[in-house]
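Just so it is clear, the structure is predicted and the values come from calculations on it, not from any experiment.
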Amino acid sequence: MSILVWTWIIVGLTFALYIGIAIWSRAKSTGDFYVAAKSVHPLANGMATAADWMSAASFISMAGLIAFMGRDGSMYLMGWTGGYVLLAMLLAPYLRKFGKYTVPDFVAERYYSKVARVIAVVCAIFVSFTYVAGQMRGVGIVFSRFLEVDITTGVIVGMAIVFFYAVMGGMKGITYTQVAQYVVLIIAYLIPAIFISILLTGNPIPQLGFGSTLSDGGGYLLDKLDGLSTQLGFAAYTGRGAKSMIDVFFITAALMVGTAGLPHVIIRFFTVPKVSDARKSAGYALLFIAILYTTAPAVAAFARTNMIQTLNDKAYSEAPSWLTNWEKTKLIKFEDKNNDGIIQYRKDADQNELTIDRDIMVLANPEIAKLPNWVVALVAAGGLAAALSTAAGLLLVISTSISHDLIKNVIARDTSEKKELTYARIAAGFAVLLAGYFGINPPGFVAQVVAFAFGLAASSFFPIIILGIFSKKTSKEGAISGMIIGILLTAGYIIYFKFINPTANTAEHWWFGISPEGIGTLGMVVNFIVAIVVSKFSSAPPDDVQQLIEDIRIPRETRA
């Protein structure tokens with residue numbers, strides 16, 4: 001059967017599974033809708049958290065970034081996985097013990113202020129919409145190639161699916177749907193990686209095949225890739241890349257603390273029955289995430305090697321079918337600059353005739369390696385599972401921020417539970433529509449957009465949550481000032497270099513050599529400094545708030 005037929009079958013079956021789970025687990029109360037009635041088993045929550053967090057950036061874009069950036073791409077691996085260690089140790093158990101529905105709930109009660117709640121709501125919505133733009137773009141890319149529809153149509157189809165199970169099931173439906181989506185995405189990621197590892201190195205374990213010798217006797221895979229890269233004018237694949245050390249450090253740190261500050265990840269730890277279950281969930285999630293993240297460098301190396309060997313210095317008239325298939329999506333383009341009919345892939349812009357979107361590498365990898373059509377279709381289903389699972393979690397954050405934190409707790413405090421649930425579903429519907437717009441008109445490639453979201457989370461939520469748990473002296477004035485200045489600094493920097501003056505988006509114009517992807521770390525530091533300094537010149541938090549912090553950190557029985 002053709003790739004198209006296989007894709008319709010596999011994607012259709014997975015979509016039917018997601019919709020069936022949503023119907024089975026339909027939310028009947030606000031507790032179900034917001035936190036799945038705090039009844040999710042830690043193992044299931046770990047799988048759901050992994051799917052929620054391993055977005056289109058992890059599945060589609062990360063290995064593509066590593067394939068083109070080489071060693072510099074490791075900052076995504078270190079940042080995103082390191083953030084989970086922070087989350088498990090510093091945040092998850094304390095926030096679960098606090099026991100509310102959302103991050104703005106915590107901010108409002110800890111900092112005894114409606115203003116703090118409103119600012120936290122704005123930050124949560126801003127971060128979530130930035131993040132969800134990358135997910136909807138990922139959905140559009142998958143649909144445009146494998147179901148042979150344009151990206152706009154693909155985004156609309158994705159919107160419809162997410163709308164159904166996010167609006168109907170809420171957190172309860174999303175949680176069990178994400179468990180299924182994790183299974184789909186991890187199988188879809190591993191099977192082609194295993195196949196290609198066997199074909200290239202004879203080793204069925206991609207993590208080991210990555211460092212093995214080639215089956216054709218051509219030496220070690222990475223040595224071969226280094227040689228291919230340098231011959232074409234690129235830096236050695238395993239050598240130091242173009243990014244400065246300070247920028248690599250700042251991007252890694254922004255991704256790490258951004259992970260620990262993302263509202264759609266933090267809210268997952270409110271869904272388990274006990275505080276100890278929050279730690280277990282984080283441990284399970286890190287294990288499930290590591291399966292994909294340790295495979296990604298191998299996938300990147302396999303894809304880069306196969307791409308160079310199958311395209312470079314080959315006649316366009318004899319180009320492999322995967323190239324012409326992807327050209328239809330306009331995500332890869334051949335421009336014959338010297339009219340010799342030969343494809344030349346070089347670092348030198350004047351000689352290079354191939355323009356390649358980094359987001360296609362994982363999706364095109366099975367086709368490049370000439371794997372069976374059903375494997376290609378399975379990867380498409382995995383990409384959709386990754387994008388849709390994260391999109392659903394983000395949309396839930398947006399809807400709960402509006403219905404629970406803004407309407408219920410600020411605008412109309414006498415709102416009944418039934419009305420609040422209705423508002424949550426309406427807000428989710430509007431959020432889906434806006435997310436679709438960003439998917440059709442994205443501000444960058446998937447992992448780049450997601451990196452911006454992590455920077456915004458790092459500069460707004462992480463310092464305030466850390467200080468809220470571990471400092472009894474941080475006041476509402478300090479928290480409010482820190483959040484506002486941190487996110488404005490980060491957002492302003494990103495907007496200036498990406499939209500207002502993109503021609504200046506080069507290392508010589510950046511502050512201290514820090515790119516927009518890494519500026520969230522500086523925003524976080526500024527947030528900490530402002531919050532601490534302002535708190536010293538304002539009144540200390542009330543006694544009941546200081547007692548709340550004691551209760552979150554150390555149970556009264558233990559202190560006694």
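- When all heavy atoms are compared, the tightest approach of A531 to I464 is CB-CD1, 4.4 Å.
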**Item:** Audit row: V257, L86, side-chain contact (heavy atoms from CB on, under 4.5 Å) steps and yes/no
**Value:** CA-CA 8 Å; V257 295; L86 277 180; 4.0 Å; yes

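- Side-chain contact, T474 with S535: no donor N or O sits under 3.5 Å from an acceptor N or O.
- Checked against ring-ring contact (aromatic ring centres under 6.0 Å, His included), Y493 has the following partners two or more places apart in sequence or in another chain: F497, W511.
- One distance of note links CE of M47 with OH of Y176; it measures 12.5 Å at 0.5 Å rounding.
- When all heavy atoms of S538 and V534 are compared, the pair lying nearest together is OG-O, 2.9 Å.
- By the 4.5 Å heavy-atom criterion applied to side chains, L77 and I66 are counted as neighbours.
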**Item:** Residue pair D105, R117: steps toward the side-chain contact (heavy atoms from CB on, under 4.5 Å) verdict
**Value:** CA-CA 7 Å; D105 256 350; R117 179 190 291 275; 2.9 Å; yes

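- Expressed to the nearest 0.5 Å, how far CZ of F249 lies from CD1 of I514 amounts to 10.0 Å.
- Considering only residues two or more places apart in sequence or on other chains, L43 meets the side-chain contact (heavy atoms from CB on, under 4.5 Å) condition with H41, Y284, F288.
- By the side-chain contact (heavy atoms from CB on, under 4.5 Å) test, P463 is found to be paired with M524, N527, F528, residues two or more places apart in sequence or in another chain being considered.
- With sequence neighbours excluded, the residues forming a salt bridge (charged side-chain N to carboxylate O under 4.0 Å, His left out) with K472 are E550, listed by chain and number.
- By the side-chain contact (heavy atoms from CB on, under 4.5 Å) test, S281 pairs with P42, N45, F269, V272, sequence neighbours left out.
- By the side-chain contact (heavy atoms from CB on, under 4.5 Å) test, A457 pairs with V127, L262, sequence neighbours left out.
- When all heavy atoms of M62 and L292 are compared, the closest pair comes out as CE-CD2, 4.1 Å.
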**Item:** Stepwise side-chain contact (heavy atoms from CB on, under 4.5 Å) check, M75 with M69
**Value:** CA-CA 10 Å; M75 59 191 175; M69 297 175 69; 3.3 Å; yes

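- Distance check, rounded to the nearest 0.5 Å: CD1 of I407 to OG1 of T422 gives 10.5 Å.
- Within the 4.5 Å cutoff, the side chain of R110 has no heavy atoms near those of the I469 side chain.
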**Item:** side-chain contact (heavy atoms from CB on, under 4.5 Å) between F462 and L467, worked out
**Value:** CA-CA 9 Å; F462 181 76; L467 291 173; over 6 Å; no

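- For Y496, the side-chain hydrogen bond (donor to acceptor under 3.5 Å, both in side chains) test picks out N501, with sequence neighbours left out.
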**Prompt:** Could you walk me through whether Y94 and F470 pass the ring pair (Phe, Tyr, Trp, His ring centres under 6.0 Å) check?
**Reply:** CA-CA 10 Å; Y94 302 110; F470 296 102; 5.4 Å; yes

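- The CD1 atom of I480 lies 8.5 Å from the OG atom of S475; values are rounded to the nearest 0.5 Å.
- Applying the ring-ring contact (aromatic ring centres under 6.0 Å, His included) test to Y189 and every residue at least two apart in sequence or in another chain returns F59.
- With hydrogens and angles disregarded, no donor-acceptor distance shorter than 3.5 Å links the side chain of Y76 to the backbone of A63.
- Qualifying side-chain hydrogen bond (donor to acceptor under 3.5 Å, both in side chains) partners for T294, counting only residues two or more places apart in sequence or in other chains: Q207.
- Q546 contributes a side-chain N or O that, together with a main-chain N or O of P541, makes up a donor-acceptor pair within less than 3.5 Å.
- For F512 and F250, the ring centers are positioned 6.0 Å apart or more.
- The CD1 atom of I485 lies 13.5 Å from the OG atom of S460; values are rounded to the nearest 0.5 Å.
- For the residue pair D543 / Q547, no side-chain donor-acceptor distance below 3.5 Å is found, with atom types taken as modelled.
- Here the closest heavy-atom approach between residue G382 and residue A188 is recorded as CA-CB, 3.6 Å.
- Side chains of I402 and I125 form a contact here, defined as non-hydrogen atoms less than 4.5 Å apart.
- Side-chain atoms of K280 and D277, non-hydrogen and from C-beta on, do get closer than 4.5 Å to each other.
- A donor-acceptor distance shorter than 3.5 angstrom exists from the side chain of S459 to the backbone of L456, with no hydrogens or angles considered.
- More than 12 heavy atoms of other shown residues, nucleotides or ligands fall within 6.0 angstrom of atom OH in Y112.
- With sequence neighbours left out, D72 forms a salt bridge (charged side-chain N to carboxylate O under 4.0 Å, His left out) with no residue at all.
- Closest approach of M483 and V107 over heavy atoms only: CE-CG1, 4.0 Å.
- Annotation: side chain of Y182 is not in contact with side chain of I289 (no heavy-atom distance under 4.5 Å).
- Atom CD1 of I529 sits about 13.5 Å away from atom OG of S481, to the nearest 0.5 Å.
- When the side-chain hydrogen bond (donor to acceptor under 3.5 Å, both in side chains) test is applied to D247, the partners found at least two apart in sequence or on another chain are K243, S515.
- K419 places a side-chain heavy atom less than 4.5 Å from the side chain of Y423.
- Contacts of S74 classified as side-chain hydrogen bond (donor to acceptor under 3.5 Å, both in side chains), with partners at least two apart in sequence or in another chain: none.
- L522 has its side chain within reach of I519: a pair of non-hydrogen atoms, C-beta onward, lies under 4.5 Å apart.
- Taking both residues in full, the closest heavy atoms of G513 and S244 are given as O-OG, 3.9 Å, listed atom of the first, atom of the second, then distance.
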